[in-house]
There are 2 protein chains.
Amino acid sequence: MARAGLTTETLVRAGAELADEIGFEQATPTELARRLGVRTASLYSHVRNAHDLKTGIALLALEELADRASEAVAGRAGKDALTAFADAYRDYALQHPGRFAAARYRLDPEAAASSAGARHAQLSRAVLRGYDLPEPQQTHAVRLLGSVFSGFVGLEGAGGFRHSAPDAQESWTAILDALDSLLRTWPARS
Amino acid sequence: MARAGLTTETLVRAGAELADEIGFEQATPTELARRLGVRTASLYSHVRNAHDLKTGIALLALEELADRASEAVAGRAGKDALTAFADAYRDYALQHPGRFAAARYRLDPEAAASSAGARHAQLSRAVLRGYDLPEPQQTHAVRLLGSVFSGFVGLEGAGGFRHSAPDAQESWTAILDALDSLLRTWPARS
DNA sequence: GTGTGTGCCTAACTGGGTTAGGCAACCTGT
DNA sequence: ACAGGTTGCCTAACCCAGTTAGGCACACAC
């Protein structure tokens, strides 16, 4: 019997493809093994268990997302940077729904530490450089941006905007305009 | 053997409790039956299957959330209404994490139609009455609010703000200030 | 007290996740 | 070219969740 040449890397990448096709939750070891033409038990030489596999996919997705965001922000500032950053995020979610769902998978502290989480935080702050906010407003703004992007994309993916006009793209543009305007005039403190 | 007096209603309410205690995903028919001192198969006289049970919990949560939001918005306007609405949403999520997760459960169109979805949409628009935005800006603003609240609460629940200062409450307040200010000066169009 | 309906049961099956242990394909050195 | 060890993938087995079919007995209606 020919060896399939599995590695942890292979499994995680194939798992990510699978997640994009059938959904992150449905990307089980059993289904993955089926796709790879291999018995389920064979996966367990390369990943500890199902959770481990999912964690691997999540880490891959976070890395890819950070790569794209980083590419988007490079050489841009102000609203340009904000828009490019936001679009990188949303486009990734639309092109890779399974991976994006994975990126929201709850990581245990150990996995979280080895994740691209820190890069994401840095990138958000880089976007805000053009707006010149003092601490702690900058942290609040980072959290606002994270909330809006994650919330919008989550709702869009769940079909929340599908059955009402205008379409999601239009709202997305308007919301980015609004955020830009907000960041330029962030209220000092009430 | 004494009858347990199960009904669909009982199961859904017990399921909601269970979800709050151990998580929505973990609130399985098996575990629910254990809690109720009943065999798993016995549940199937009252709910069609596991998905049906989860849908029931989701509908309950959406109803409860709409009740709270409605109560919060009544008799308030402008920033008052915005804050009360937002807090109702967030407080519910903090007090009932399982139910809140259920509220984000993907419903099939039939269930969605019978859900409190329409009430939620109405309530968002009611909050915005005080800000007097023309269409289509109002729709964009509704979607922005939905995105921010759902995103923030989602990130907070996932522990996204737990390991950095300042604490989530402070950012929440700042973000509501910022949103109020944004809504009062929403950019006409670029 | 008897009959009837139905609530919860037992039994059995499907399918996913996981572990233990074995066989054979590959690599390494001669 | 071949013998050694290594290791990749296998078979076999088990557990646990979800689900269905069918039966017993409790509770109410008379």
Side-chain angles (χ1 to χ4, degrees), chain A residues 1-60 98-99 101-102 105-108 110-111, chain B residues 1-60 98-99 101-102 105-108 110-111:
Chain A
M1 187 139 299
R3 299 199 178 184
L6 304 181
T7 65
T8 303
E9 174 87 10
T10 317
L11 294 188
V12 168
R13 302 209 93 90
E17 300 287 340
L18 186 57
D20 283 337
E21 286 175 39
I22 64 173
F24 182 58
E25 288 309 319
Q26 281 65 51
T28 68
T30 300
E31 185 57 29
L32 180 57
R34 246 195 289 274
R35 297 289 183 106
L36 294 170
V38 138
R39 295 300 169 135
T40 306
S42 306
L43 306 184
Y44 287 81
S45 312
H46 308 282
V47 293
R48 265 204 306 281
N49 50 37
H51 175 253
D52 197 40
L53 174 64
K54 292 194 168 189
T55 298
I57 299 174
L59 293 176
L60 172 66
R99 284 156 146 100
Y105 187 60
R106 187 78 121 115
L107 297 175
D108 27 66
E110 157 203 28
Chain B
M1 187 139 295
R3 300 197 176 187
L6 305 181
T7 64
T8 303
E9 173 87 12
T10 316
L11 294 188
V12 168
R13 302 210 93 90
E17 299 287 340
L18 185 58
D20 283 337
E21 287 175 39
I22 65 174
F24 182 59
E25 288 309 319
Q26 281 65 51
T28 68
T30 301
E31 186 57 30
L32 180 56
R34 247 196 289 276
R35 296 288 184 106
L36 293 170
V38 138
R39 295 300 168 131
T40 305
S42 306
L43 305 185
Y44 286 80
S45 313
H46 307 283
V47 293
R48 264 205 307 281
N49 49 39
H51 175 253
D52 197 40
L53 174 65
K54 292 194 167 189
T55 298
I57 300 174
L59 293 177
L60 172 66
R99 284 157 145 98
Y105 186 61
R106 185 78 119 116
L107 297 175
D108 27 65
E110 157 204 30

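In the text below, chain A, chain B and the rest are named by the order of the sequence lines, each starting its count at 1.
Atom CG of A/Leu43 is separated from atom P of C/dG16 by 13 Å (rounded to the nearest Å). A/Gln26 has its CD atom 14 Å from the C1' atom of C/dG15, to the nearest Å. Rounded to whole Å, atom C1' of D/dG8 lies 14 Å from atom CG of A/Leu36. Atom CG in A/Leu11 sits roughly 15 Å away from atom C1' in C/dG17 (whole-Å rounding).
Using a 4.0 Å heavy-atom distance criterion, B/Thr28 is classed as a sugar-phosphate-only contact.
Here the nucleotide nearest the side chain of A/Arg39, chosen from C/dC9, D/dA17, D/dC10, is D/dC10.
Between B/Glu31 and B/Arg35 there is a salt bridge, since at least one side-chain N of the basic residue sits less than 4.0 Å from a carboxylate O of the acidic one. Remark: A/Glu17 does not engage A/Arg13 in a salt bridge, criterion side-chain N to carboxylate O under 4.0 Å.
Among residues two or more places apart in sequence or in another chain, the side-chain hydrogen bond (donor to acceptor under 3.5 Å, both in side chains) test is passed with B/Thr40 by none. When the side-chain contact (heavy atoms from CB on, under 4.5 Å) test is applied to B/Ala101, the partners found at least two apart in sequence or on another chain are B/Phe24. Taking the side-chain contact (heavy atoms from CB on, under 4.5 Å) definition, one finds that A/Ser45 meets it with nothing, sequence neighbours left out.
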Between the protein and nucleotides 19-22 of chain D, are there any N/O to N/O pairs under 3.5 Å, and if so, what are the atom names and distances?
unit_1	atom_1	unit_2	atom_2	d
D/dT19	OP2	B/Tyr44	OH	2.7
D/dT19	OP2	B/Ala50	N	2.6

Taking it one step at a time, do B/Thr10 and B/His46 satisfy side chain to side chain contact (heavy atoms under 4.5 Å, CB included)?
CA-CA 9 Å; B/Thr10 316; B/His46 307 283; over 6 Å; no
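Evaluated for a side-chain contact (heavy atoms from CB on, under 4.5 Å) with A/Leu11, the options A/Asp52, A/Ile57, A/Val47 yield exactly one hit, A/Val47.
Here B/Ser42 reaches the OP1 or OP2 of C/dC9: one of its side-chain N or O atoms lies under 4.0 Å away.
In this structure, the helix from C/dG1-D/dC30 to C/dC26-D/dG5 shows an angle of 10° between the axis at its start and the axis at its end, each fitted on 5 base pairs and rounded to 10°.
Non-hydrogen atoms lying under 4.0 Å from DNA chain D are contributed by nothing in residues 13-24 of chain A.
Taken to the nearest 0.5 Å, the CG atom of A/Leu53 stands 9.0 Å off from the OG1 atom of A/Thr28.
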